[in-house]
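Below: the structure, in structure tokens.
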Amino acid sequence: MKYYEFGDKTGRYVGRTEKYDVYASTLAGIGKDEDDHEERTPGEIYFNYGPSAGGLRESVNFSILTPGEAIRDVIINSGFKRRNIRITGDSISDVMLKVERINGFHSASHSIAYALAVEDALNVDNSDLNDARIVEIELERIRSNIDVIKGLCESAGFAVPEKQLLLLREEVARIISTAFGHRYYFSVNGINSVDGDFSRITLNSVEKQFRSLYDGLLSSKIFLDRIQENGIVSDPLSTGPAARAANFRYDARLDSGSLNYGKYSTVMESSGDTFSRFLVRAEEILESINIIESYDIKKIYRKNRMELNGSGEGTARIESPAGDLFYYVKINEGRIMDIQMSSPSYLNMRNFRYALKNGNIFTDFFFVWESFGIWISELEVRFQ
Amino acid sequence: MGKLRHLDIGTGGEVSVNWFINGVKKRIKTEKLDKYNLMYPSILEGVSDYNCPTEAINNGKWNMDKCIFCRQCDLNPTGKQDTYSIDQKIPGIFKKSLYLYPVDSGTCGACNVEFTTLFSPQYDSSRFKIFMANTPRHADALVVMGVHTEGMEQILREAYDAMPEPKIVIGLGACALSGGIIGRSAMEKYDIRIAGCPPTPASILNAIIEARGKK
């Protein structure tokens with residue numbers, strides 16, 4: 001393991017796998033959770049929402065503690081759609097097919113993080129693919145951030161920008177499909193290999209359209225009023241755009257050795273509210289376009305189907321669109337014996353709750369929820 | 001990093017966008033369903049003796065319900081966006097309006113995103129009189145996505161029971177139909193089976209339009 005070791009906590013907290021608490025460079029035993037849910041007082045009710053309801057893209061249940069309008073606390077049950085995925089004893093390439101489907105919308109991030117962990121375990125030199133993998137992840141980030149901002153517009157009943165962002169999301173999906181043969185990067189990434197025609201990635205139109213929409217949203221006072229000073233959270237145990245929106249310079253592009261971004265500047269905000277998360281997501285779309293254009297890759301990569309038979313342990317941590325994504329793998333003669341994955345949705349879900357109970361009312365719910373970009377699919381996976 | 005542009009907000013002079021005019025100026029973006037084609041997923045042709053991990057190839061025969069379109073076998077993609085089969089036609093009563101209620105049994109999220117893409121300007125499902133319901137009480141068709149999960153089994157059954165008659169069930173994607181590479185199918189029987197991992201928006205709309213029949 002080049003970048004991680006087992007031991008005490010060191011550096012910032014990144015997330016949790018089934019067995020470990022993950023820090024910047026160590027894997028520690030799971031610490032004790034403090035249950036600090038608010039007590040129900042006379043006159044208050046638990047209002048149930050989900051697990052299957054209009055407005056929820058994935059299955060998740062919220063029990064909202066309320067005296068009527070204010071949200072005092074929320075109990076989140078995300079376990080309804082928990083998937084048990086069998087990986088023990090499977091080949092490295094068969095497990096890749098499953099890893100891609102942990103979070104289909106962030107499949108490039110998951111498949112690349114898994115590939116990097118396997119390459120770390122087997123001491124495979126992957127430096128040739130560094131730039132191509134960064135381009136893939138940044139393109140995925142553009143689509144994901146567009147989707148989050150679309151969700152905010154939908155919550156505000158802002159139908160025109162919502163539909164225009166939906167149109168833009170689909171245009172990015174088509175760029176991904178044209179370059180990589182699949183709208184969700186399935187079967188694109190392998191161990192020390194990528195399959196794609198990077199010369200097909202052109203983002204001029206996307207940038208122009210997004211800048212116009214972004215400027216429009218920034219001048220829409222009704223929209224800004226809805227997202228300013230709601231869902232405020234500023235907690236050092238945070239990740240991704242939500243952390244950067246609260247002035248924590250947490251970014252695996254800066255402090256992880258798994259991918260080398262070279263000189264890179266992080267987008268930061270300080271208020272920690274939904275508006276700040278919106279700004280960070282929007283600015284990161286433009287930053288990701290800059291990163292992709294700076295690499296200017298025109299190469300066609302073809303996948304090699306190499307079978308690997310080595311043994312070892314490896315780790316990788318990358319910045320997925322929602323924050324730190326960590327993988328640990330244990331391999332025995334080409335067979336996966338253990339996977340530990342920590343997704344950004346773990347910390348984002350925790351902070352969503354803190355943000356929601358921080359002086360919000362029912363109508364704020366969707367703004368806060370959408371602003372974190374949480375995926376239950378990556379949160380509720382158990383490997384067997 | 002330079003100065004963020006939002007810092008100029010409130011300094012005066014900014015003009016608020018009229019979103020209605022903005023929308024009209026963008027003109028119509030809706031497309032014909034065959035305008036945008038892709039190879040994966042699409043109907044596959046040919047013969048392969050590949051040892052398929054989802055058993056989508058059995059004795060040389062291709063079973064699209066089980067296929068995750070992983071591009072490992074020798075079958076050739078045709079680009080045809082009709083990766084579906086119809087066991088039961090949609091009742092005539094729904095010819096002028098069909099409300100869909102999606103249930104996520106255990107997805108990776110890709111099917112969910114493709115389902116929402118039906119309502120994008122490019123696909124605009126409302127022109128085909130296809131809409132989304134916010135509750136199973138108002139739904140004509142249940143759209144099931146993802147593999148079987150213990151936690152969603154009862155929710156799925158309750159959603160189906162809550163729907164008024166007549167009703168149909170649509171299986172969306174390899175996980176719902178066969179379990180794909182992840183698990184087992186979410187339901188035993190579907191009226192419309194739309195294959196793909198995930199199915200394309202065009203394929204989903206083609207399936208519903210064909211199952212509903214001509215006007």
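Heavy-atom distances place both the backbone and the side chain of Leu97(A) under 4.5 Å from chain B. Proximity to chain A is absent for every atom of Glu158(B), based on heavy atoms less than 4.5 angstrom apart. If you measure heavy-atom distances from Cys197(B) to chain A, the contacts under 4.5 Å come from both the backbone and the side chain. Both the backbone and the side chain of Phe105(A) come within less than 4.5 Å of a heavy atom of chain B. Using a 4.5 Å cut-off between heavy atoms, Pro136(B) does not touch chain A at all. Residue Met39(B) does not touch chain A at all, counting heavy-atom pairs closer than 4.5 Å. Contact annotation for Thr135(B): neither backbone nor side-chain heavy atoms come within less than 4.5 Å of a heavy atom of chain A. Looking at Leu38(B), only its side chain comes within 4.5 Å of chain A, counting heavy atoms on both sides. Using a 4.5 Å cut-off between heavy atoms, Phe180(A) contacts chain B through its backbone alone, with no side-chain atom that close. Looking at Leu56(A), there are no atoms closer than 4.5 Å to chain B (heavy atoms on both sides), in backbone or side chain. Using a 4.5 Å cut-off between heavy atoms, Asp90(A) does not touch chain B at all. Both the backbone and the side chain of Val113(B) come within contact range of chain A, judged by heavy atoms closer than 4.5 Å.
Between Lys35(B) and Glu170(A), no side-chain nitrogen of the basic residue sits less than 4.0 Å from a carboxylate oxygen of the acidic one, so the salt-bridge criterion is not met.
Open room surrounds CG on Asn51(B); 12 or fewer heavy atoms of other groups in view lie less than 6.0 Å from it. Dense packing is recorded around CD of Gln384(A), with more than 12 heavy atoms of other residues, nucleotides or ligands lying under 6.0 Å away. The environment of CD in Glu229(A) is sparse: at most 12 heavy-atom neighbours from other residues, nucleotides or ligands sit within 6.0 Å. By the 6.0 Å contact criterion, CD1 on Ile21(B) is enclosed, its count of non-hydrogen atoms from other residues, nucleotides or ligands being greater than 12. Arg137(B) CZ: 12 or fewer foreign heavy atoms inside a 6.0 Å radius. Remark: Lys167(B) NZ is packed, more than 12 non-hydrogen atoms of other residues, nucleotides or ligands lying under 6.0 Å away. No more than 12 heavy atoms of other residues, nucleotides or ligands sit less than 6.0 Å from atom CD of Glu188(B).
Per-residue counts of heavy-atom pairs under 4.5 Å with chain A were compared for Phe115(B), Tyr123(B), Phe20(B); the largest is that of Tyr123(B). Counting heavy-atom pairs under 4.5 Å between each of Ser220(A), Ser52(A), Ala159(A) and chain B puts Ser52(A) at the top. Between chain B and the residues Ser212(A), Pro161(A), Ser107(A), the largest count of heavy-atom pairs under 4.5 Å involves Pro161(A). With chain A as the partner, the residue from Pro53(B), Pro198(B), Gly183(B) showing the most heavy-atom pairs under 4.5 Å is Pro198(B). Interface check for chain A: of the options Asn22(B), Thr200(B), Val147(B), the most heavy-atom pairs under 4.5 Å are formed by Asn22(B).
Annotation: the span from Leu166(A) atom CG to Asp124(B) atom CG amounts to 10.5 Å, rounded to 0.5 Å. The line from CG of Leu167(A) to OG1 of Thr117(B) is 11.0 Å long, rounded to the nearest 0.5 Å. Going from atom CG of Leu213(A) over to atom NZ of Lys26(B) covers 6.0 Å, rounded to the nearest 0.5 Å. Atom-to-atom distance recorded for Glu100(A):CD and Ile181(B):CD1 is 9.5 Å, nearest 0.5 angstrom. To the nearest 0.5 angstrom, Ser120(B) atom OG is 10.5 Å from Glu162(A) atom CD.
Under a 3.5 Å cut-off, the side chain of Ser59(A) and the backbone N or O of Asp104(B) do form a donor-acceptor pair. Lys81(A) contributes no side-chain N or O that, together with a main-chain N or O of Cys108(B), makes up a donor-acceptor pair within less than 3.5 Å. Distance alone, capped at 3.5 Å, is enough to place a donor-acceptor pair between the Arg71(B) side chain and the Phe186(A) backbone.
Taking each heavy atom of Thr107(B) and Ser377(A) in turn, the nearest pair found is O-CB, 3.4 Å. The two residues Tyr36(B) and Ser177(A) make their nearest non-hydrogen contact at OH-OG, 3.2 Å. Scanning both residues, Gly216(A) and Trp19(B), for their nearest heavy atoms gives C-CZ2, 3.4 Å.
Side chains of Arg101(A) and Ile68(B) form a contact here, defined as non-hydrogen atoms less than 4.5 Å apart. Residues His182(A) and Phe69(B) have side chains not in contact (no heavy-atom distance under 4.5 Å, counting atoms from C-beta outward). With contacts defined as side-chain heavy-atom distances shorter than 4.5 Å, the pair Thr149(B)/Arg83(A) qualifies. Taking the side chain as every heavy atom from C-beta outward, Lys163(A) and Phe119(B) approach each other to under 4.5 Å. The closest side-chain heavy-atom distance from Tyr40(B) to Ser187(A) is not below 4.5 Å. For the pair Glu150(B)/Arg82(A), no side-chain contact is recorded, criterion being any heavy-atom separation below 4.5 Å from C-beta on.
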Under the criterion side-chain hydrogen bond (donor to acceptor under 3.5 Å, both in side chains), I'd like the reasoning laid out for Thr116(B) against Arg169(A): C-alpha separation, chi angles, the key distance, then a yes or no. CA-CA 11 Å; Thr116(B) 61; Arg169(A) 188 187 79 184; 3.0 Å; yes
